[in-house]
Undergrad: 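Mind looking over this structure? Questions follow.
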Amino acid sequence: MKYHPDKTGGCTDSEAKFKAVSEAYEVLKDPQKRAAYDRFGHAAFKQQQQGGGGGFHGGGAGGFSDLGDIFETIFGQGGGFGGGGRQQQRRGADLRYDLEISLDEAYHGKQTEIQIEVSTACDSCEGSGAQPGTGAKTCHTCKGHGQVRAQQGFFVVERTCPSCHGAGQVIESPCRSCRGEGRVDKPKTLSVNVPAGVDDGTRIRLSGEGEAGARGAPAGDLYIFLHVKRHSLFERDGTTLFCRCPVSFTTAALGGTIEVPGLDGVRHAIKIPVGIQSGKQIRQRGAGMPVLNGRGQGDLVVQIDVETPTKLTAKQKELLEAFRETETGEECPASTGFFGKIKDLWGD
């Protein structure tokens, strides 16, 4: 109002400021225009004055032929300033389903069925929302544009039509089954293929199996989130399987072979080298999880835990006492080195 031509007596400088303020207001009130400005700056709104007409006309927007190209780049669909065009049909919402599987099922994969309660297209009206034999008509309020304009002072405000909610059409005879929505809630059974090698948090997308869109709009997608239950023997890190295997101290000292059953159903022979220490890990190549949607297998890593006996017979104690009497210190170099350092610290 401060720089309005009627109040400034036709001052050219004030008229230019009034024009700039008006254009800034047009940008700020519209989320799409504001996003275009945030991305392209003033280049998104350069005007080509043709015949003194107002409004935004694109032109010179960083290589875009018009402002619709900018909107298509940002939002994935065309749009224009002040176009008043009917809103596009909004697709149905995406849905989430949580599915719990075992580690064995994650290894081998599985085919399973799930049941969900979801909005699907109404059978009575085939998703149109109108009674059979009738259809939608152009909205009288917005004349099919989906938006209405209202004068507020010096500015024109554009908003979604309250009668058709932006659709540009209204249904005079709504379907009795869906009450004009074009969709109804009902249970649905779906077949899900869980591929081999999936991990906790893996998502499976079923295209078009989400919530149906209103009045024939496309359906959303269904995302299945997988949760792998904890295994009694194995832990997993990507394609690598870990397990802890206790062995007797005699096996650790003399060496030997143990068998570990893998998820592949094979008994894997793990060779224990002579003198292995507790905590040592032995890797079995190709005995881990399969690579998801690829080729090959991960590895199986077996951690050796040397177990000290807690119950000994008199004969076993006698044999161990005889062994202790013959110890020279070279049998356990780590212990000898540790106590040697202590002796050096004490100087005694």
Side-chain angles (χ1 to χ4, degrees), residues 90-123 127 178 181 183-214 217-247 258-270 279 281-305 307:
R90 296 182 61 183
R91 66 191 293 268
D94 293 335
L95 300 179
R96 169 174 176 157
Y97 184 92
D98 293 276
L99 178 63
E100 189 176 61
I101 61 174
S102 66
L103 186 60
D104 293 88
E105 292 171 334
Y107 181 93
H108 296 283
K110 66 177 296 187
Q111 190 77 25
T112 187
E113 289 186 346
I114 62 172
Q115 286 191 339
I116 60 174
E117 185 85 12
V118 64
S119 295
T120 58
C122 176
D123 295 330
C178 63
E181 280 292 316
R183 54 188 178 180
V184 293
D185 293 337
K186 61 181 180 181
K188 192 175 185 179
T189 301
L190 298 173
S191 179
V192 180
N193 177 39
V194 179
V198 294
D199 204 346
D200 192 79
T202 298
R203 296 188 306 172
I204 299 176
R205 182 172 70 95
L206 299 184
S207 180
E209 297 295 350
E211 185 179 76
D221 299 330
L222 174 64
Y223 288 89
I224 299 176
F225 285 72
L226 299 179
H227 303 278
V228 182
K229 292 184 289 188
R230 182 183 295 273
H231 196 271
S232 59
L233 179 61
F234 296 107
E235 295 181 4
R236 177 183 181 180
D237 183 10
T239 59
T240 303
L241 288 176
F242 291 89
C243 75
R244 300 169 65 96
C245 183
V247 299
I258 60 174
E259 288 187 342
V260 177
L263 293 178
D264 53 5
V266 177
R267 291 178 176 269
H268 296 278
I270 307 298
Q281 292 184 342
I282 301 175
R283 184 176 295 269
Q284 187 79 0
R285 300 289 182 183
M289 295 293 294
V291 178
L292 178 63
N293 298 326
R295 296 181 179 181
Q297 303 275 133
D299 299 334
L300 170 63
V301 176
V302 179
Q303 178 173 310
I304 301 300
D305 292 336
E307 186 176 18

Undergrad: Determine the minimum heavy-atom distance between R183 and A212, stating which atoms define it.
TA: NH1-O, 2.6 Å

Undergrad: Would a distance-only check, ignoring hydrogens and angles, find a side-chain to backbone donor-acceptor pair under 3.5 Å from Q297 to G288?
TA: yes

Undergrad: Rounded at 0.5 Å granularity, tell me how far OH in Y223 sits from CG in L95.
TA: 11.0 Å

Undergrad: Heavy-atom count around E235 CD within 6.0 Å, excluding the residue itself: above 12?
TA: no

Undergrad: Go through it in stages, so that I can follow the logic: the residues are Q284 and I270, the test is side chain to side chain contact (heavy atoms under 4.5 Å, CB included), and I'd like the CA-CA distance, side-chain angles, deciding distance and then a yes or no.
TA: CA-CA 8 Å; Q284 187 79 0; I270 307 298; 3.6 Å; yes

Undergrad: Hey, could you give me the CZ/CZ distance between R244 and F234, rounded to the nearest 0.5 Å?
TA: 14.5 Å

Undergrad: Would you give the length of the straight line joining atom CE of M289 to atom CG of D264, rounded to the nearest 0.5 angstrom?
TA: 11.0 Å

Undergrad: Just verifying a value: how many Å separate L241 CG and Y107 OH, rounded to the nearest 0.5 Å?
TA: 8.0 Å

Undergrad: Let me check something: any side-chain donor-acceptor pairs from residues 190-202 under 3.5 Å, sequence neighbours excluded? List them with distances.
TA:
| unit_1 | atom_1 | unit_2 | atom_2 | d |
| --- | --- | --- | --- | --- |
| S191 | OG | Q111 | NE2 | 2.8 |
| D200 | OD1 | V228 | N | 2.9 |
| T202 | OG1 | D199 | N | 2.9 |
| T202 | OG1 | D199 | O | 2.8 |

Undergrad: Answer yes when R96 and D98 have at least one side-chain N-carboxylate O distance shorter than 4.0 Å, and no when they do not.
TA: yes

Undergrad: So which atom in A106 and which in R236 form the shortest heavy-atom distance, rounded to 0.1 Å?
TA: CB-NH1, 4.2 Å

Undergrad: Using salt bridge (charged side-chain N to carboxylate O under 4.0 Å, His left out) as the criterion, list what pairs up with R203, not counting sequence neighbours.
TA: none

Undergrad: Measure the spacing between CD of E105 and CG of L263 and express it to the nearest 0.5 Å.
TA: 11.5 Å

Undergrad: Could you please spell out the steps behind the side chain to side chain contact (heavy atoms under 4.5 Å, CB included) verdict for D94 and R205?
TA: CA-CA 10 Å; D94 293 335; R205 182 172 70 95; over 6 Å; no

Undergrad: Of the non-hydrogen atoms in C243 and L233, which two are nearest, and what is the gap between them?
TA: CB-O, 3.7 Å

Undergrad: Is a side-chain donor or acceptor of H231 paired with a backbone partner of D104 at a separation under 3.5 angstrom?
TA: no

Undergrad: Do the side chain of D221 and the main chain of G208 share a donor and acceptor less than 3.5 angstrom apart?
TA: yes

Undergrad: Check whether any side-chain N or O of D299 sits under 3.5 Å from a backbone N or O of G286 as a donor-acceptor pair, and report yes or no.
TA: yes

Undergrad: Which atoms form the tightest heavy-atom contact between C245 and I258, and what is the distance?
TA: SG-CD1, 3.2 Å

Undergrad: Taking all non-hydrogen atoms of both residues into account, name the closest pair between C178 and V184 and its distance.
TA: CB-CG1, 3.7 Å

Undergrad: Just wondering, do L99 and T112 contact through their side chains at under 4.5 Å, heavy atoms?
TA: yes

Undergrad: Do you know which of E209, E211, E113 makes salt bridge (charged side-chain N to carboxylate O under 4.0 Å, His left out) with K188?
TA: E209

Undergrad: Would you check, one step at a time, whether the test side chain to side chain contact (heavy atoms under 4.5 Å, CB included) holds for V301 with D237?
TA: CA-CA 11 Å; V301 176; D237 183 10; over 6 Å; no

Undergrad: If you take all heavy atoms of Q303 and G279, which pair is closest and at what distance?
TA: CG-O, 3.9 Å

Undergrad: Taking C-beta and beyond as the side chain, do L222 and V118 meet within less than 4.5 Å on heavy atoms?
TA: no

